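Below is one structure, written out as structure tokens; the observations come after it.
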Amino acid sequence: MTNNYQFDVLIIGSGAAGLMSAIQLSEKLSIAVIAKDKVLEGSSYYAQGGISAVLDPEDNFESHILDTINTGFNLGSEESIRFMVEQAPLAISDLENAGVKFSHINNNYDLTTEGGHSSKRVAHVADKTGQSIQVNLLAKVKQKNNITLFEQYVAVDLLVNEGNCNGAYVFNKNTKEVGTFSSHKTILATGGASKSYLYTSNPDTSTGDGIAMAYRAGCHITNMEFTQFHPTCLFHPHAKSFLISEALRGEGAKLLLPDGKEFMHKYDSRLELAPRDIVARAIDNEMKVNGYDCVYLDISFKDANWIKSRFPTITKRCHELGIDICNEALPVVPAAHYTCGGIDTNLDAQSNISNLYAIGEVAHTGVHGANRLASNSLLECIVFAKSCAKDINESVFEEIFPAIAEWDASRVAPSKEKVVLSHLWSEIRLIMWNFVGIVRSDNRLNSANLKIQQINKEVDEYYRVYTVTDDLIELRNLAQTSKIIVESALSRKESRGLHYNQDYPNQLKKIHNTVMIKS
Ligand code: FAD
Ligand code: SIN
């Protein structure tokens, strides 16, 4: 059967987490890496600001740990945070060994800062850190004969039997068929779910597939109410999802109202470098109270040549859109950026299902708590990809793959009304933006809950009768992930970090919100 495969390890996702784990796995293992789009497409490629690590002799681990705990409103796990922070310098060396050339000044790392960091500790490759990481990791993967890359293959569901994961059903976008990938170990590295929102900094791949698949398989999913809204995405009709890095504010850029007045002093003494939840809420408030479409970010007071060399990607993209950032302020708005919650994992990236691991944005390792510290995400990808690979390398592998039932397409027929999918898709994203956004209330969340439940029923019905397509797979996942986000938001009866509910403005004692599938 050409559509059915057997590998020791199946990695679903080719972002920084997926590729790093593939590189770190033993060359004795046969490995498949599948990506539902082009291999390089995913949030990792677009990361601009950088990766945080204690690299400056004046800085120290305790300070990075404390900044991470404080930004996460004390909901993060100190054990996981310490684990990640202490391995950060090694993660930087690993990336350098893979070929990443971080920006330097006078033989030292050109470290920058971002909101919530008390020291300069963000290493970067100009403003294209993610691109450099991805291109170099992919080159390493391609040098290894034991790794096979499958581009345009979409995982549909995990194969789980008696609490053990045996691989996944996978849809081949070229042949339009579903096959089986049997594996002894499966790693979910599918990224986040920010496409649940109408406005997002994320590429189209971030549809929460891994979270929805894991949920259906019986994984514990934790703290999904904490969607991080990045304060500054470019506001322009032709700029879909273009981020304006927080590193601009790290280098001194100012947020301005349309009349040129500064406003962050009204919200936080750290001004533009307050953590993201505060800056995003401040912008949201100014836009709502005053009826503005956007606010502005100004770095034009810096030397033009410096701006062009420090932020080449942003300068170029803005120039293409008719904005000269060396001479004028940029129009910006907040947009959904990062999923802090996800599949519960331990320090070895194991989920509660045996032989199923989760790494990167899809996972809840406990390092972010109620809000992610800027540039800790790429770090989490690298550190937990390595611990996951180490755990797998030390495992004993069975010789025989379990028998797996083939995909049964006999009871479905091709759909003649694909327009239903695009309507439901847009509806979900609008509901999530309007009712489950930066500022929430019980009324809005209850309303979203009813609507998202109804949409889930319609999608389930559609899935039951029509032949599976990539659009249908993503819609089903987006609908289920949105449902988990809304339910998690409704059950948190407090305001903490990224979850701000006007009906419960205060913080309770530390609680986690874990959702389990109802049998
Ligand atoms: P991704 O890189 O998103 O990769 C997901 C992979 O999974 C893709 O290959 C995709 O095709 C695949 N996939 C998904 N579903 C399926 C499926 N069903 N079947 C098969 N394959 C599937 N963080 C930082 O720390 N520093 C930064 O400077 C920074 N800047 C950012 C800038 C932008 C514009 C964005 C969007 C994010 C940024 N972040 C940053 C966050 C960070 O980039 C991401 O959290 C991180 O890269 C996620 O990596 P990942 O490997 O988990 O997922
Ligand atoms: C940015 O460059 O502003 C993004 C950094 C991050 O998401 O950590």
Side-chain angles (χ1 to χ4, degrees), residues 10-21 33-52 112 114-117 122-125 127-131 133-134 137-138 149-158 168-171 173 181 187-195 200-213 228 230-233 241-250 276 311 313-314 335-340 342 358-363 368 372-382 384-385 470 473-474 476-477:
L10 167 64
I11 303 173
I12 306 177
S14 57
L19 293 182
M20 191 53 157
S21 65
V33 178
I34 68 168
K36 69 176 175 178
D37 201 298
K38 294 197 182 94
V39 172
L40 287 177
E41 187 62 5
S43 289
S44 300
Y45 186 83
Y46 298 99
Q48 296 178 349
I51 170 163
S52 52
T112 191
E114 291 176 285
H117 286 280
V122 180
H124 59 94
V125 183
D127 62 355
K128 46 179 88 178
T129 312
Q131 182 180 330
I133 290 176
Q134 285 298 90
L137 292 183
L138 182 58
L149 285 167
F150 293 85
E151 210 169 57
Q152 311 289 351
Y153 279 68
V154 193
V156 184
D157 262 318
L158 296 166
Y169 285 120
V170 179
F171 176 79
K173 280 163 89 170
F181 277 66
I187 304 175
L188 282 168
T190 48
S194 289
K195 282 296 279 190
T200 174
S201 65
N202 281 211
D204 291 344
T205 49
S206 302
T207 48
D209 295 8
I211 293 167
M213 280 190 278
Q228 182 171 72
H230 195 291
T232 58
C233 280
S241 321
F242 189 69
L243 186 81
I244 304 298
S245 175
E246 188 155 328
L248 267 82
R249 279 176 282 131
R276 279 184 196 166
F311 298 111
T313 314
I314 294 171
H337 181 62
Y338 186 82
T339 309
C340 289
I359 50 175
E361 194 169 335
V362 74
H368 305 308
R372 174 176 67 96
L373 182 66
S375 289
N376 264 356
S377 171
L378 288 173
L379 176 60
E380 182 192 31
C381 286
I382 304 301
F384 287 89
D470 43 330
I473 295 166
E474 287 189 334
R476 179 180 179 227
N477 292 329

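Here the structure is a predicted model, which is why all the values come from computation and not from measurement. Note that ligands are numbered from 1 as they come in the structure, with each ligand's atoms numbered from 1 the same way.
- Within the 4.5 Å cutoff, side-chain heavy atoms of L248 are placed close to those of I314.
- Within the listing of ligand 1, atoms 32 (C), 33 (C), 34 (C) sit less than 4.0 angstrom from a heavy atom of L243.
- The shortest N or O to N or O distance between I51 and ligand 1 is not under 3.5 Å.
- At least one N/O-N/O distance between A155 and ligand 1 falls below 3.5 Å.
- Considering both main-chain and side-chain atoms, A17 comes within under 3.5 Å of ligand 1 through a nitrogen or oxygen pair.
- Look at Q228 and you'll find every heavy atom at least 4.0 Å from all atoms of ligand 1.
- Considering only heavy atoms from C-beta on, T232 comes within 4.5 Å of R249 through its side chain.
- Nearest non-hydrogen protein atom to atom 2 (O) of ligand 1 is S44 OG, 2.5 Å.
- Of all the listed residues (G130, S377, S206), S377 holds the heavy atom that lies closest to atom 45 (O) of ligand 1.
- Considering only heavy atoms from C-beta on, L149 comes within 4.5 Å of L138 through its side chain.
- If you number the atoms of ligand 2 from 1 as listed, the ones under 4.0 Å from a heavy atom of S245 come out as 1 (C), 2 (O), 3 (O).
- The shortest N or O to N or O distance between S14 and ligand 1 is under 3.5 Å.
- Which parts of ligand 1 touch N376 is read off a 4.0 Å heavy-atom cut-off, strictly below it: atoms 25 (O).
- When heavy-atom distances to ligand 2 are checked against a 4.0 Å cut-off, L243 comes that close only through its side chain, counted from C-beta outward.
- Pairing each heavy atom of R476 with each of D157, the nearest pair is NH1-OD2, 3.2 Å.
- Between T129 and ligand 1 there is no heavy-atom distance shorter than 4.0 Å.
- For a threshold of 3.5 Å applied to N or O pairs, the pair formed by M213 and ligand 1 contains no separation below that value.
- Proximity of Q228 to ligand 2, defined as any heavy-atom pair under 4.0 Å, is not found for any part of the residue.
- In terms of polar-atom proximity, defined here as any N/O pair under 3.5 Å, Y46 makes no such contact with ligand 1.
- From the protein, the heavy atom lying nearest to atom 15 (N) of ligand 1 is D209 OD2, 3.4 Å.
- A donor-acceptor contact closer than 3.5 angstrom is absent between the side chains of D127 and S245.
- Taking every non-hydrogen atom of H230 and a distance limit under 4.0 Å, the qualifying atoms of ligand 2 come out as 1 (C), 3 (O), 4 (C).
- Closest heavy-atom approach to atom 6 (C) of ligand 1 among the candidates G210, A189, G42: A189.
- For a threshold of 3.5 Å applied to N or O pairs, the pair formed by I359 and ligand 1 contains no separation below that value.
- Atoms of ligand 1 lying under 4.0 Å from at least one heavy atom of A35, given by number and element, are 21 (N).
- Ligand 2 has no atom lying under 4.0 Å from any heavy atom of S377.
- For ligand 2 and E246, the ligand atoms under 4.0 Å from any heavy atom of the residue are 1 (C), 2 (O), 3 (O).
- Set against the non-hydrogen atoms of A374, the atoms of ligand 2 under 4.0 Å away are 8 (O).
- Applying the 4.0 Å criterion to heavy atoms of G360 picks out, from ligand 1, the atoms 52 (O).
- Distances below 4.0 Å separate heavy atoms of A16 from the following atoms of ligand 1: 51 (O).
- The closest approach between a heavy atom of Y153 and any atom of ligand 1 is below 4.0 Å.
- Looking from atom 26 (N) of ligand 1 to the surrounding protein, the closest heavy atom is G50 O, 2.7 Å.
- Those atoms of ligand 1 that come under 4.0 Å of a heavy atom in V154, given as number and element, are 18 (N), 19 (N).
- Remark: ligand 1 atoms within the under-4.0 Å shell around heavy atoms of S375 are 24 (C), 25 (O), 26 (N).
- Of all protein heavy atoms, the one lying nearest to atom 37 (C) of ligand 1 is H337 CE1, 3.4 Å.
- Each of the following atoms of ligand 2 lies closer than 4.0 Å to a heavy atom of E114: 1 (C), 2 (O), 3 (O), 5 (C).
- Residues passing the side-chain contact (heavy atoms from CB on, under 4.5 Å) test with S194 are T200, N202, A336, T339, sequence neighbours excluded.
- For ligand 1, the atoms closer than 4.0 angstrom to any heavy atom of I34 are 21 (N).
- Checking only distances, Y338 never comes within under 3.5 Å of ligand 1, N or O to N or O.
- Among residues two or more places apart in sequence or in another chain, the side-chain contact (heavy atoms from CB on, under 4.5 Å) test is passed with A374 by E114, H117, E246, R276.
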